[in-house]
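The sequence lines fix the lettering, A, B, ..., with proteins before strands; numbering per chain opens at 1. Please read all numbers here as calculations on a predicted model, not as lab measurements. Because only heavy atoms are used, hydrogens play no part in the values below, and waters and symmetry mates are left out as well, while side chains stay in.
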2 protein chains.
Amino acid sequence: MNSSSEYLIKKLSQKSLRFSFQRMKILEYLYQHESSHPDAEEIYESLSNIIPGLSKTTIYNTLHSFVNAGLVQAVDIENSETRYELSASRHGHFICKQCGVIHDFDIDIDMIVVKELAQFQVEEKDVYFRGLCPNCIRIQNETTNTIKNKKKEAQDES
Amino acid sequence: MNSSSEYLIKKLSQKSLRFSFQRMKILEYLYQHESSHPDAEEIYESLSNIIPGLSKTTIYNTLHSFVNAGLVQAVDIENSETRYELSASRHGHFICKQCGVIHDFDIDIDMIVVKELAQFQVEEKDVYFRGLCPNCIRIQNETTNTIKNKKKEAQDES
DNA sequence: TTCTAAAGTTGTAATGATTACAATTTATCC
DNA sequence: GGATAAATTGTAATCATTACAACTTTAGAA
(Lines give C-alpha, C1' and ligand atoms only; values in the text may rest on other atoms or scores of the structure.)
Protein backbone atom coordinates (compact mmCIF):
# COMPACT_ATOMS: atom_id res chain seq x y z
CA MET A 1 0.00 0.00 0.00
CA ASN A 2 1.56 3.27 -1.10
CA SER A 3 1.65 6.62 0.64
CA SER A 4 -1.22 8.12 -1.34
CA SER A 5 -3.46 5.26 -0.20
CA GLU A 6 -2.41 5.90 3.37
CA TYR A 7 -3.28 9.53 2.94
CA LEU A 8 -6.68 8.56 1.56
CA ILE A 9 -7.30 6.08 4.38
CA LYS A 10 -6.74 8.88 6.86
CA LYS A 11 -8.92 11.23 4.86
CA LEU A 12 -11.72 8.68 4.60
CA SER A 13 -11.57 7.60 8.23
CA GLN A 14 -11.92 11.23 9.28
CA LYS A 15 -15.29 11.04 7.53
CA SER A 16 -16.14 7.60 8.97
CA LEU A 17 -15.68 5.98 5.59
CA ARG A 18 -13.75 2.80 4.92
CA PHE A 19 -11.00 2.44 2.40
CA SER A 20 -11.48 0.41 -0.77
CA PHE A 21 -9.72 0.13 -4.10
CA GLN A 22 -12.87 1.33 -5.88
CA ARG A 23 -13.13 4.42 -3.70
CA MET A 24 -9.47 5.20 -4.19
CA LYS A 25 -9.80 5.00 -7.95
CA ILE A 26 -12.99 7.06 -8.04
CA LEU A 27 -11.46 9.84 -5.99
CA GLU A 28 -8.31 9.64 -8.10
CA TYR A 29 -10.40 9.94 -11.25
CA LEU A 30 -12.11 13.07 -9.95
CA TYR A 31 -8.71 14.47 -9.05
CA GLN A 32 -7.34 13.83 -12.54
CA HIS A 33 -10.42 15.19 -14.31
CA GLU A 34 -11.24 18.24 -12.25
CA SER A 35 -12.12 20.54 -15.08
CA SER A 36 -14.34 18.14 -17.02
CA HIS A 37 -16.90 17.58 -14.25
CA PRO A 38 -17.52 13.91 -15.05
CA ASP A 39 -20.81 12.16 -14.45
CA ALA A 40 -21.36 8.67 -13.01
CA GLU A 41 -21.47 7.10 -16.46
CA GLU A 42 -18.13 8.57 -17.53
CA ILE A 43 -16.43 7.49 -14.32
CA TYR A 44 -17.89 4.02 -14.70
CA GLU A 45 -16.79 3.63 -18.33
CA SER A 46 -13.25 4.73 -17.57
CA LEU A 47 -12.74 2.74 -14.40
CA SER A 48 -14.27 -0.43 -15.81
CA ASN A 49 -11.05 -0.86 -17.77
CA ILE A 50 -8.98 -0.74 -14.59
CA ILE A 51 -11.38 -2.54 -12.25
CA PRO A 52 -12.90 -5.61 -13.90
CA GLY A 53 -16.38 -6.37 -12.59
CA LEU A 54 -16.89 -2.85 -11.32
CA SER A 55 -20.57 -2.11 -10.75
CA LYS A 56 -22.27 1.11 -11.66
CA THR A 57 -24.10 0.91 -8.36
CA THR A 58 -20.74 1.23 -6.65
CA ILE A 59 -20.10 4.45 -8.54
CA TYR A 60 -23.40 5.89 -7.38
CA ASN A 61 -23.02 4.63 -3.81
CA THR A 62 -19.50 5.98 -3.55
CA LEU A 63 -20.33 9.36 -5.02
CA HIS A 64 -23.20 9.72 -2.56
CA SER A 65 -20.94 8.78 0.32
CA PHE A 66 -18.34 11.28 -0.82
CA VAL A 67 -20.92 14.02 -1.17
CA ASN A 68 -22.35 13.28 2.28
CA ALA A 69 -18.85 13.34 3.70
CA GLY A 70 -18.17 16.64 2.03
CA LEU A 71 -15.28 15.30 -0.06
CA VAL A 72 -17.11 15.80 -3.34
CA GLN A 73 -19.69 18.24 -4.66
CA ALA A 74 -22.58 17.52 -6.99
CA VAL A 75 -23.05 19.90 -9.89
CA ASP A 76 -26.70 19.82 -10.91
CA ILE A 77 -26.52 22.42 -13.63
CA GLU A 78 -27.93 19.95 -16.16
CA ASN A 79 -31.37 18.49 -15.69
CA SER A 80 -30.19 15.15 -17.04
CA GLU A 81 -27.15 13.68 -15.30
CA THR A 82 -25.57 14.92 -12.11
CA ARG A 83 -21.91 15.79 -12.52
CA TYR A 84 -19.27 15.74 -9.82
CA GLU A 85 -16.17 17.59 -8.71
CA LEU A 86 -13.86 17.56 -5.72
CA SER A 87 -14.89 19.91 -2.97
CA ALA A 88 -12.86 23.06 -3.23
CA SER A 89 -13.34 26.72 -2.64
CA ARG A 90 -16.82 27.71 -3.66
CA HIS A 91 -17.14 28.87 -7.23
CA GLY A 92 -19.79 29.44 -9.84
CA HIS A 93 -20.53 27.18 -12.80
CA PHE A 94 -21.17 28.25 -16.36
CA ILE A 95 -22.62 25.72 -18.81
CA CYS A 96 -22.61 26.22 -22.55
CA LYS A 97 -26.06 25.50 -23.95
CA GLN A 98 -24.49 24.51 -27.25
CA CYS A 99 -21.62 22.16 -26.44
CA GLY A 100 -22.36 21.41 -22.79
CA VAL A 101 -18.93 22.30 -21.49
CA ILE A 102 -18.87 23.46 -17.90
CA HIS A 103 -16.58 26.30 -16.93
CA ASP A 104 -15.79 27.17 -13.33
CA PHE A 105 -15.52 30.80 -12.40
CA ASP A 106 -14.41 32.52 -9.24
CA ILE A 107 -17.14 34.19 -7.29
CA ASP A 108 -17.28 35.06 -3.65
CA ILE A 109 -20.50 33.24 -2.88
CA ASP A 110 -20.17 33.79 0.85
CA MET A 111 -20.42 37.48 0.04
CA ILE A 112 -23.99 36.93 -1.12
CA VAL A 113 -25.97 37.43 2.06
CA VAL A 114 -29.72 37.67 1.80
CA LYS A 115 -31.39 39.50 4.68
CA GLU A 116 -34.71 38.00 3.71
CA LEU A 117 -33.35 34.56 4.60
CA ALA A 118 -32.30 35.49 8.15
CA GLN A 119 -34.67 32.90 9.60
CA PHE A 120 -33.45 30.21 7.18
CA GLN A 121 -30.47 27.97 7.67
CA VAL A 122 -28.58 28.25 4.40
CA GLU A 123 -26.20 25.31 3.97
CA GLU A 124 -25.37 25.40 0.28
CA LYS A 125 -25.20 28.17 -2.26
CA ASP A 126 -25.02 27.47 -5.97
CA VAL A 127 -24.59 29.98 -8.76
CA TYR A 128 -25.35 28.58 -12.21
CA PHE A 129 -24.93 30.60 -15.39
CA ARG A 130 -26.00 29.41 -18.83
CA GLY A 131 -25.22 30.68 -22.30
CA LEU A 132 -22.60 30.32 -25.02
CA CYS A 133 -18.90 29.69 -24.54
CA PRO A 134 -16.35 31.66 -26.60
CA ASN A 135 -15.77 28.72 -28.91
CA CYS A 136 -19.45 28.27 -29.74
CA ILE A 137 -19.89 32.03 -30.22
CA ARG A 138 -17.08 31.92 -32.80
CA ILE A 139 -18.59 28.93 -34.61
CA GLN A 140 -21.99 30.63 -34.64
CA ASN A 141 -20.56 33.83 -36.10
CA GLU A 142 -18.69 31.94 -38.81
CA THR A 143 -21.88 30.12 -39.79
CA THR A 144 -23.88 33.35 -39.87
CA ASN A 145 -21.24 35.02 -42.03
CA THR A 146 -21.25 32.10 -44.45
CA ILE A 147 -25.02 32.38 -44.83
CA LYS A 148 -24.80 36.15 -45.32
CA ASN A 149 -22.15 35.70 -47.98
CA LYS A 150 -24.21 33.08 -49.77
CA LYS A 151 -27.21 35.41 -49.75
CA LYS A 152 -25.07 38.24 -51.04
CA GLU A 153 -23.69 36.07 -53.84
CA ALA A 154 -27.21 35.09 -54.84
CA GLN A 155 -28.26 38.74 -54.94
CA ASP A 156 -25.22 39.74 -57.01
CA GLU A 157 -25.95 36.98 -59.49
CA SER A 158 -29.58 38.01 -60.04
CA MET B 1 -64.36 34.23 -25.30
CA ASN B 2 -63.65 36.51 -22.39
CA SER B 3 -61.22 39.38 -22.12
CA SER B 4 -58.54 37.40 -20.33
CA SER B 5 -58.47 34.92 -23.22
CA GLU B 6 -58.12 37.80 -25.64
CA TYR B 7 -55.23 39.11 -23.63
CA LEU B 8 -53.62 35.67 -23.71
CA ILE B 9 -54.17 35.31 -27.46
CA LYS B 10 -52.31 38.56 -27.99
CA LYS B 11 -49.57 37.50 -25.58
CA LEU B 12 -49.17 34.11 -27.27
CA SER B 13 -49.25 35.44 -30.81
CA GLN B 14 -46.46 37.85 -29.89
CA LYS B 15 -44.43 34.72 -29.25
CA SER B 16 -45.69 32.93 -32.38
CA LEU B 17 -47.76 30.55 -30.30
CA ARG B 18 -51.36 29.62 -30.95
CA PHE B 19 -54.13 29.88 -28.44
CA SER B 20 -55.71 26.76 -26.96
CA PHE B 21 -57.88 25.98 -23.97
CA GLN B 22 -55.15 23.76 -22.55
CA ARG B 23 -52.54 26.50 -22.82
CA MET B 24 -54.87 29.00 -21.24
CA LYS B 25 -55.53 26.72 -18.29
CA ILE B 26 -51.86 25.84 -17.82
CA LEU B 27 -50.84 29.47 -17.77
CA GLU B 28 -53.75 30.24 -15.46
CA TYR B 29 -52.65 27.45 -13.14
CA LEU B 30 -49.12 28.84 -12.94
CA TYR B 31 -50.58 32.26 -12.25
CA GLN B 32 -52.73 30.95 -9.40
CA HIS B 33 -49.94 28.85 -7.88
CA GLU B 34 -46.99 31.17 -8.19
CA SER B 35 -45.46 30.45 -4.83
CA SER B 36 -45.71 26.67 -4.94
CA HIS B 37 -43.59 26.18 -8.06
CA PRO B 38 -45.62 23.26 -9.43
CA ASP B 39 -44.14 20.48 -11.54
CA ALA B 40 -45.64 18.88 -14.66
CA GLU B 41 -47.26 16.10 -12.64
CA GLU B 42 -49.04 18.51 -10.28
CA ILE B 43 -50.32 20.64 -13.13
CA TYR B 44 -51.51 17.52 -14.93
CA GLU B 45 -53.33 16.10 -11.89
CA SER B 46 -55.11 19.37 -11.20
CA LEU B 47 -56.11 20.20 -14.75
CA SER B 48 -57.27 16.66 -15.54
CA ASN B 49 -60.34 17.44 -13.46
CA ILE B 50 -61.14 20.47 -15.58
CA ILE B 51 -60.02 19.16 -18.96
CA PRO B 52 -61.19 15.56 -19.50
CA GLY B 53 -58.81 13.61 -21.70
CA LEU B 54 -55.92 15.96 -21.06
CA SER B 55 -52.61 14.36 -21.94
CA LYS B 56 -49.47 14.67 -19.87
CA THR B 57 -47.55 15.12 -23.10
CA THR B 58 -49.50 18.33 -23.64
CA ILE B 59 -48.34 19.59 -20.27
CA TYR B 60 -44.71 18.92 -21.20
CA ASN B 61 -45.07 20.31 -24.72
CA THR B 62 -46.78 23.44 -23.49
CA LEU B 63 -44.33 24.10 -20.70
CA HIS B 64 -41.45 23.76 -23.15
CA SER B 65 -43.13 26.15 -25.56
CA PHE B 66 -43.73 28.65 -22.77
CA VAL B 67 -40.14 28.41 -21.60
CA ASN B 68 -38.83 28.87 -25.15
CA ALA B 69 -41.12 31.86 -25.57
CA GLY B 70 -39.87 33.32 -22.30
CA LEU B 71 -43.31 33.28 -20.67
CA VAL B 72 -42.30 30.70 -18.07
CA GLN B 73 -39.11 29.80 -16.26
CA ALA B 74 -37.89 26.35 -15.30
CA VAL B 75 -36.64 25.92 -11.76
CA ASP B 76 -34.16 23.05 -11.72
CA ILE B 77 -33.22 23.25 -8.07
CA GLU B 78 -34.25 19.62 -7.55
CA ASN B 79 -32.50 16.86 -9.41
CA SER B 80 -35.76 14.97 -9.81
CA GLU B 81 -38.62 16.93 -11.37
CA THR B 82 -38.35 20.30 -13.02
CA ARG B 83 -40.63 22.89 -11.48
CA TYR B 84 -42.07 25.93 -13.19
CA GLU B 85 -42.97 29.54 -12.49
CA LEU B 86 -44.10 32.54 -14.50
CA SER B 87 -41.28 34.68 -15.78
CA ALA B 88 -40.87 37.61 -13.50
CA SER B 89 -38.09 39.74 -12.16
CA ARG B 90 -35.07 37.60 -11.52
CA HIS B 91 -34.85 36.21 -8.04
CA GLY B 92 -33.05 33.49 -6.15
CA HIS B 93 -34.53 30.18 -5.04
CA PHE B 94 -34.13 28.54 -1.67
CA ILE B 95 -35.14 24.89 -1.26
CA CYS B 96 -35.62 23.23 2.09
CA LYS B 97 -33.78 19.91 2.17
CA GLN B 98 -36.28 18.60 4.70
CA CYS B 99 -39.75 19.47 3.39
CA GLY B 100 -38.89 20.49 -0.17
CA VAL B 101 -40.63 23.84 -0.06
CA ILE B 102 -39.19 26.42 -2.41
CA HIS B 103 -38.91 30.00 -1.25
CA ASP B 104 -38.21 32.88 -3.61
CA PHE B 105 -35.95 35.63 -2.43
CA ASP B 106 -35.03 38.96 -3.91
CA ILE B 107 -31.52 39.24 -5.20
CA ASP B 108 -30.11 41.55 -7.79
CA ILE B 109 -28.69 38.87 -10.04
CA ASP B 110 -27.79 41.35 -12.76
CA MET B 111 -25.48 42.90 -10.23
CA ILE B 112 -23.38 39.74 -10.31
CA VAL B 113 -20.91 40.43 -13.08
CA VAL B 114 -18.01 38.08 -13.53
CA LYS B 115 -15.01 39.61 -15.31
CA GLU B 116 -13.67 36.14 -15.97
CA LEU B 117 -16.67 35.49 -18.24
CA ALA B 118 -16.15 38.54 -20.45
CA GLN B 119 -15.70 36.32 -23.50
CA PHE B 120 -18.80 34.28 -22.65
CA GLN B 121 -22.36 35.12 -23.61
CA VAL B 122 -24.28 34.74 -20.36
CA GLU B 123 -27.99 34.33 -21.04
CA GLU B 124 -29.33 32.96 -17.77
CA LYS B 125 -28.23 33.34 -14.18
CA ASP B 126 -29.57 31.10 -11.45
CA VAL B 127 -28.90 31.35 -7.74
CA TYR B 128 -29.92 28.27 -5.79
CA PHE B 129 -29.64 28.03 -2.01
CA ARG B 130 -30.30 24.89 0.00
CA GLY B 131 -30.81 24.30 3.69
CA LEU B 132 -33.56 24.29 6.29
CA CYS B 133 -36.63 26.51 6.32
CA PRO B 134 -37.76 28.18 9.58
CA ASN B 135 -40.52 25.65 10.07
CA CYS B 136 -38.23 22.64 9.76
CA ILE B 137 -35.65 24.27 12.02
CA ARG B 138 -38.36 24.63 14.67
CA ILE B 139 -39.49 21.02 14.29
CA GLN B 140 -35.89 19.83 14.50
CA ASN B 141 -35.28 21.81 17.69
CA GLU B 142 -38.44 20.48 19.31
CA THR B 143 -37.43 16.91 18.48
CA THR B 144 -33.94 17.46 19.83
CA ASN B 145 -35.34 18.92 23.04
CA THR B 146 -37.69 15.98 23.44
CA ILE B 147 -34.79 13.56 23.14
CA LYS B 148 -32.72 15.60 25.62
CA ASN B 149 -35.60 15.62 28.07
CA LYS B 150 -36.08 11.88 27.69
CA LYS B 151 -32.36 11.31 28.32
CA LYS B 152 -32.50 13.60 31.33
CA GLU B 153 -35.54 11.76 32.71
CA ALA B 154 -33.73 8.46 32.27
CA GLN B 155 -30.70 9.82 34.13
CA ASP B 156 -32.82 11.20 36.95
CA GLU B 157 -34.54 7.85 37.38
CA SER B 158 -31.33 5.84 37.61
C1' DT C 1 -3.18 -13.72 13.69
C1' DT C 2 -7.87 -14.95 13.66
C1' DC C 3 -12.65 -13.79 14.21
C1' DT C 4 -16.74 -11.00 13.76
C1' DA C 5 -19.87 -7.38 12.78
C1' DA C 6 -20.52 -3.66 10.07
C1' DA C 7 -19.76 -1.57 5.82
C1' DG C 8 -18.89 -1.92 0.88
C1' DT C 9 -19.67 -4.19 -3.62
C1' DT C 10 -22.22 -6.40 -7.12
C1' DG C 11 -26.03 -7.54 -10.48
C1' DT C 12 -30.53 -7.33 -11.54
C1' DA C 13 -34.87 -5.44 -11.48
C1' DA C 14 -37.68 -1.51 -10.72
C1' DT C 15 -38.76 3.43 -10.68
C1' DG C 16 -40.05 7.71 -12.46
C1' DA C 17 -39.55 11.86 -15.06
C1' DT C 18 -39.27 12.93 -19.61
C1' DT C 19 -39.27 12.20 -24.70
C1' DA C 20 -40.35 10.09 -29.39
C1' DC C 21 -43.66 9.37 -32.52
C1' DA C 22 -47.68 8.75 -35.35
C1' DA C 23 -52.59 9.54 -35.62
C1' DT C 24 -56.13 12.80 -34.76
C1' DT C 25 -57.94 17.30 -33.88
C1' DT C 26 -57.83 22.27 -33.91
C1' DA C 27 -56.54 27.19 -34.85
C1' DT C 28 -55.38 30.52 -38.09
C1' DC C 29 -55.24 32.57 -42.51
C1' DC C 30 -56.89 32.95 -47.33
C1' DG D 1 -65.68 27.20 -45.84
C1' DG D 2 -61.10 24.92 -46.93
C1' DA D 3 -56.20 24.28 -46.63
C1' DT D 4 -52.30 23.96 -43.88
C1' DA D 5 -49.46 24.17 -40.22
C1' DA D 6 -49.53 23.64 -35.36
C1' DA D 7 -51.36 21.50 -31.15
C1' DT D 8 -53.12 17.49 -28.74
C1' DT D 9 -53.36 12.78 -27.54
C1' DG D 10 -51.93 8.00 -26.16
C1' DT D 11 -48.68 4.71 -26.12
C1' DA D 12 -44.21 3.06 -26.05
C1' DA D 13 -39.49 3.91 -25.27
C1' DT D 14 -35.51 6.10 -22.93
C1' DC D 15 -32.32 6.83 -19.50
C1' DA D 16 -30.40 8.27 -15.08
C1' DT D 17 -30.91 6.71 -10.73
C1' DT D 18 -32.47 3.68 -6.88
C1' DA D 19 -34.00 -0.63 -4.34
C1' DC D 20 -32.69 -4.75 -2.83
C1' DA D 21 -30.63 -9.08 -1.56
C1' DA D 22 -26.56 -11.97 -1.81
C1' DC D 23 -21.82 -11.89 -1.42
C1' DT D 24 -17.22 -9.90 -0.16
C1' DT D 25 -14.12 -7.01 2.26
C1' DT D 26 -12.57 -3.92 5.88
C1' DA D 27 -11.36 -2.58 10.54
C1' DG D 28 -11.08 -3.45 15.05
C1' DA D 29 -11.50 -6.78 19.03
C1' DA D 30 -10.04 -11.05 21.09
Side-chain heavy atoms under 4.5 angstrom apart, residues restricted to Ile, Leu, Val, Met, Phe, Trp, Tyr: same cluster for Val67(A) and Met24(A)? yes

Closest nucleotide among dG11(C), dT18(C), dT9(C) to the Arg23(A) side chain: dT9(C)

Round to the nearest Å and state the distance from Lys25(B) atom NZ to dT9(D) atom P. 14 Å

Verify the cluster assignment for Val127(A) and Leu132(A): are they in a single hydrophobic cluster under the rule of side-chain heavy atoms below 4.5 Å apart? no

Rounded to the nearest Å, what distance is computed from the CD atom of residue Glu41(B) to the P atom of nucleotide dG16(C)? 10 Å

Rounded to whole angstrom units, what separation is found between the CZ atom of Phe21(A) and the P atom of dT24(D)? 19 Å

When you measure from the side-chain N and O atoms of Thr62(B) to the phosphate of dT8(D), is any distance below 4.0 Å, counting only OP1 and OP2? yes

Tell me whether the side-chain N or O atoms of Ser20(A) pair up with the base of dT9(C) as donor and acceptor below 3.5 Å, since no angle test is needed here. no

With DNA chain D as reference, determine whether Arg18(A) or Gln22(B) sits nearer its 5' end, using the nearest nucleotide of each. Gln22(B)

Look at the side chain of Tyr60(B) and decide which nucleotide, out of dT17(D), dT9(D), dA17(C), has an atom nearest to it. dA17(C)

Whole-Å distance between dT18(C) P and Glu78(A) CD? 15 Å

Report the relative orientation of the aromatic rings in His93(A) and His91(A); use parallel for angles under 30°, tilted for 30 to 60°, perpendicular for over 60°. perpendicular

Nearest whole Å is fine: how far is dG11(C) P from Ile59(A) CD1? 12 Å

Measuring from atom CG of Asn79(B) to atom CG of Asp76(A), what distance do you get when rounded to the nearest 0.5 angstrom? 4.5 Å

Could you state the atom-to-atom distance from CZ of Phe66(B) to P of dA7(D) in whole Å? 10 Å

Of the candidate nucleotides dG11(C), dT28(C), dA20(C), which contains the atom at the shortest distance from the side chain of Ser55(A)? dG11(C)

Please report the distance, rounded to the nearest Å, between CZ in Phe19(A) and P in dT9(C). 10 Å

Are Thr58(B) and dT9(D) close enough that a side-chain N or O sits under 4.0 Å from OP1 or OP2? yes

Nearest-nucleotide wise, let me know which of Leu17(B) and Ala40(B) is further upstream toward the 5' end of DNA chain C. Ala40(B)

Glu81(B) side chain: which of dA17(C), dT9(D), dT10(C) is closest? dA17(C)

What's Ser13(A) touching, base or sugar-phosphate or nothing? Going by heavy atoms closer than 4.0 Å. nothing

When rounded to whole Å, the CG to P distance for the pair Leu47(A) and dT9(C) reads 12 Å

Candidates dG8(C), dT28(C), dT8(D) - which lies nearest the side chain of Asn61(B): dT8(D)

Closest-nucleotide mapping onto DNA chain C: is His64(B) or Ser16(A) further toward the 5' terminus? I mean the 5' end. Ser16(A)

Step by step, would you call His103(A) with Phe120(B) a ring-ring contact (aromatic ring centres under 6.0 Å, His included)? CA-CA 10 Å; His103(A) 182 84; Phe120(B) 291 68; 4.9 Å; yes

Which of parallel (below 30°), tilted (30 to 60°) and perpendicular (above 60°) describes Phe105(A) and Phe129(A)? tilted

Base, sugar-phosphate, or nothing: which does Ser65(B) touch, judged by heavy atoms less than 4.0 Å apart? nothing

